[in-house]
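Written below as structure tokens is the structure these notes are about.
Here is how names work: the chains are called A, B, and so on, in the same order as the sequence lines, proteins then strands, and each is numbered from 1.
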There are 2 protein chains.
Amino acid sequence: MKRTSLAGDSCPVARALDVFGDWWSLLIIRDASLGRRRFGEFQASLGLAKNILTTRLRTLVERGILKTVPASDGSAYQEYVLTPKGHGIFPILVALRQWTEEFDEHPDEIATIMVDRAKGKPVKKLALLSQDGRVLSATDTTLKLRPAKRARRLATA
Amino acid sequence: MKRTSLAGDSCPVARALDVFGDWWSLLIIRDASLGRRRFGEFQASLGLAKNILTTRLRTLVERGILKTVPASDGSAYQEYVLTPKGHGIFPILVALRQWTEEFDEHPDEIATIMVDRAKGKPVKKLALLSQDGRVLSATDTTLKLRPAKRARRLATA
DNA sequence: CTTGTGTGGTTGCAATATTAAACCGAATGC
DNA sequence: GCATTCGGTTTAATATTGCAACCACACAAG
């Protein structure tokens with residue numbers, strides 16, 4: 001089987017999926033962003049096998065999404081918290097949430113809505129904007145080859 | 001293995017992952033949003049086993065992400081194109097792309113950048129806005145229980 | 001200090017998914 | 001008509017997941 005690795009892929013979507021594109025990682029990250037920190041909290045919340053949770057936490061730490069912190073409630077156990085790189089996944093969670101809110105067949109089964117903490121009102125949909133502020137749809141965008149980074153301070157001739 | 005189904009979960013993130021959260025589906029959707037339509041195009045582009053591609057395409061069709069259209073270049077084969085529900089996944093792809101662009105250890109390996117088709121300039125980062133237009137970070141948001149939909153036209157007393 | 005319990009894992013084994021490769025019929029191309 | 005491509009299906013080998021049992025350590029009570 002050997003899940004083909006996407007780490008060397010040139011597509012940024014594939015590269016992201018290589019890091020947290022498996023069945024559980026994003027749910028662990030979601031839980032972490034909701035404030036869960038302990039092994040037992042994740043296990044109880046997600047209901048996954050403990051050995052799987054162990055390996056997922058380990059690779060998420062290896063990849064810089066989570067870090068372990070020595071303690072928090074005084075006990076000698078460790079906790080798992082998001083790094084900045086892990087917090088950066090937040091917009092992806094929002095996008096997933098909003099897709100379900102818009103397209104799910106049984107939206108009545110969705111338990112929660114995301115609100116602006118200050119006002120308590122639902123957030124707006126994520127919008128993709130151009131540099132001059134227009135809202136862009138998929139068809140308004142295209143991909144360009146990334147310009148090669150020019151070598152600094154090295155003469156090209 | 002029996003991947004535990006997330007379809008009945010009350011979390012919208014989990015529900016989305018249940019639909020296209022496996023190793024290949026999002027990459028197929030990415031390819032479809034780039035205009036690929038044929039079985040062979042997907043297989044060549046992704047390099048996955050053909051039987052897996054077969055089952056993935058079938059479940060994506062079942063779940064309303066893709067639909068088969070009878071032909072397009074006159075040949076008697078069928079093609080796979082995104083439904084509106086499938087096109088709705090676009091912001092998720094953008095969010096994944098932007099996460100890699102911001103946090104990947106080897107950003108020089110990313111081949112493409114997403115640009116505004118009209119102007120050719122890079123798009124801005126997805127922003128989460130409140131109803132009154134403030135940009136929200138993860139800590140500016142919280143989750144609230146979804147208010148139950150009240151039955152229409154039925155007196156509550 | 002000894003027993004008991006909860007936390008945070010590890011280890012086996014059975015079940016399942018992925019892969020690569022062979023095979024195959026129908027549709028095209030020549 | 002003949003070879004090739006397209007779009008799969010089948011098969012066997014291999015990898016991953018899930019479940020359950022086990023285990024070590026920390027901590028608390030006595």
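When all heavy atoms of Ile110(A) and Arg146(B) are compared, the pair lying nearest together is O-NE, 2.6 Å.
The distance from atom CG of Asp22(A) to atom C1' of dT16(C) is 16 Å, rounded to the nearest whole Å. Computed from coordinates, the Leu27(A) CG to dT17(D) P distance equals 14 Å when rounded to whole Å. Atom pair Gln78(B):CD and dG7(D):C1' shows a separation of 9 Å (rounding to whole Å applied). Rounded to whole angstrom, the span from the CD atom of Glu79(B) across to the C1' atom of dC6(D) amounts to 12 Å.
Contacts of residues 39-63 of chain B with DNA chain D (heavy atom under 4.0 Å): Phe39(B), Gly40(B), Lys50(B), Asn51(B), Thr54(B), Arg58(B). Residues from residues 13-20 of chain A lying near DNA chain D, meaning a heavy-atom separation below 4.0 Å, are absent.
In this structure, Tyr80(B) does not reach the dG7(D) phosphate: none of its side-chain N or O atoms is under 4.0 Å from OP1 or OP2. The phosphate of dG7(D) has OP1 or OP2 within less than 4.0 Å of a side-chain N or O from Arg38(B). Within the structure, every side-chain polar atom (N or O) of Trp23(A) is placed at least 4.0 Å from both OP1 and OP2 of dT16(C).
Residue pairs that meet the ring-ring contact (aromatic ring centres under 6.0 Å, His included) test with at least one member in residues 13-32 of chain B, sequence neighbours left out, are Trp99(A)-Phe20(B). Among pairs with a residue in residues 31-86 of chain B, none fulfils ring-ring contact (aromatic ring centres under 6.0 Å, His included), at least two apart in sequence or across chains. For residues 130-140 of chain A, the salt bridge (Lys or Arg N to Asp or Glu O under 4.0 Å) pairs, not counting sequence neighbours, are Asp132(A)-Arg134(A), Asp132(A)-Lys119(B), Arg134(A)-Asp116(B).
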Quick one: side chains of residues 56-65 of chain A, donor-acceptor pairs under 3.5 Å with protein atoms, not counting sequence neighbours, listed by atom name and distance.
from: Arg56(A); atom 1: NE; to: Asp22(A); atom 2: OD2; distance (Å): 2.5
from: Arg56(A); atom 1: NH2; to: Asp22(A); atom 2: OD2; distance (Å): 3.4
from: Thr59(A); atom 1: OG1; to: Arg56(A); atom 2: O; distance (Å): 3.2
from: Arg63(A); atom 1: NH1; to: Asp18(A); atom 2: O; distance (Å): 2.7
from: Arg63(A); atom 1: NH1; to: Val19(A); atom 2: O; distance (Å): 3.2

Counting only pairs under 3.5 Å, give me each side-chain donor-acceptor contact of residues 9-17 of chain B, with atom names and distances, residues two or more places apart or in other chains.
from: Asp9(B); atom 1: OD1; to: Cys11(B); atom 2: N; distance (Å): 2.7
from: Arg15(B); atom 1: NE; to: Asp104(A); atom 2: OD2; distance (Å): 3.1
from: Arg15(B); atom 1: NH1; to: Glu109(A); atom 2: OE1; distance (Å): 3.0
from: Arg15(B); atom 1: NH1; to: Ala7(B); atom 2: O; distance (Å): 3.2
from: Arg15(B); atom 1: NH1; to: Asp9(B); atom 2: O; distance (Å): 2.9
from: Arg15(B); atom 1: NH2; to: Asp104(A); atom 2: OD1; distance (Å): 3.0
from: Arg15(B); atom 1: NH2; to: Glu109(A); atom 2: OE1; distance (Å): 3.0

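Glu101(B) is linked by a salt bridge (charged side-chain N to carboxylate O under 4.0 Å, His left out) to Arg97(B), counting only residues two or more places apart in sequence or in another chain. For Arg30(B), there are no salt bridge (charged side-chain N to carboxylate O under 4.0 Å, His left out) partners two or more places apart in sequence or in a different chain. For Asn51(A), the side chain to side chain contact (heavy atoms under 4.5 Å, CB included) partners two or more places apart in sequence, or in a different chain, are Ala49(A).
Residues Ile28(A) and Leu26(B) share a single hydrophobic cluster, defined by chaining ILVMFWY side chains whose heavy atoms lie under 4.5 Å apart.
Side-chain atoms of Val135(B) and Leu128(B), non-hydrogen and from C-beta on, never get closer than 4.5 Å to each other. Within the 4.5 Å cutoff, the side chain of Ile89(A) has no heavy atoms near those of the Leu82(A) side chain.
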Hey, what are the protein-to-nucleotides 24-27 of chain D N/O distances that come in under 3.5 Å?
from: dC27(D); atom 1: OP1; to: Ala76(A); atom 2: N; distance (Å): 2.7

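Taken over five-pair windows at either terminus, the axes of the helix from dC1(C)-dG30(D) to dC30(C)-dG1(D) are inclined to one another by 30° (rounded to 10 degrees).
By the neighbour-count criterion of 12 heavy atoms within 6.0 Å, atom CD of Glu105(A) is sparsely surrounded, having that number or fewer from other residues, nucleotides or ligands.
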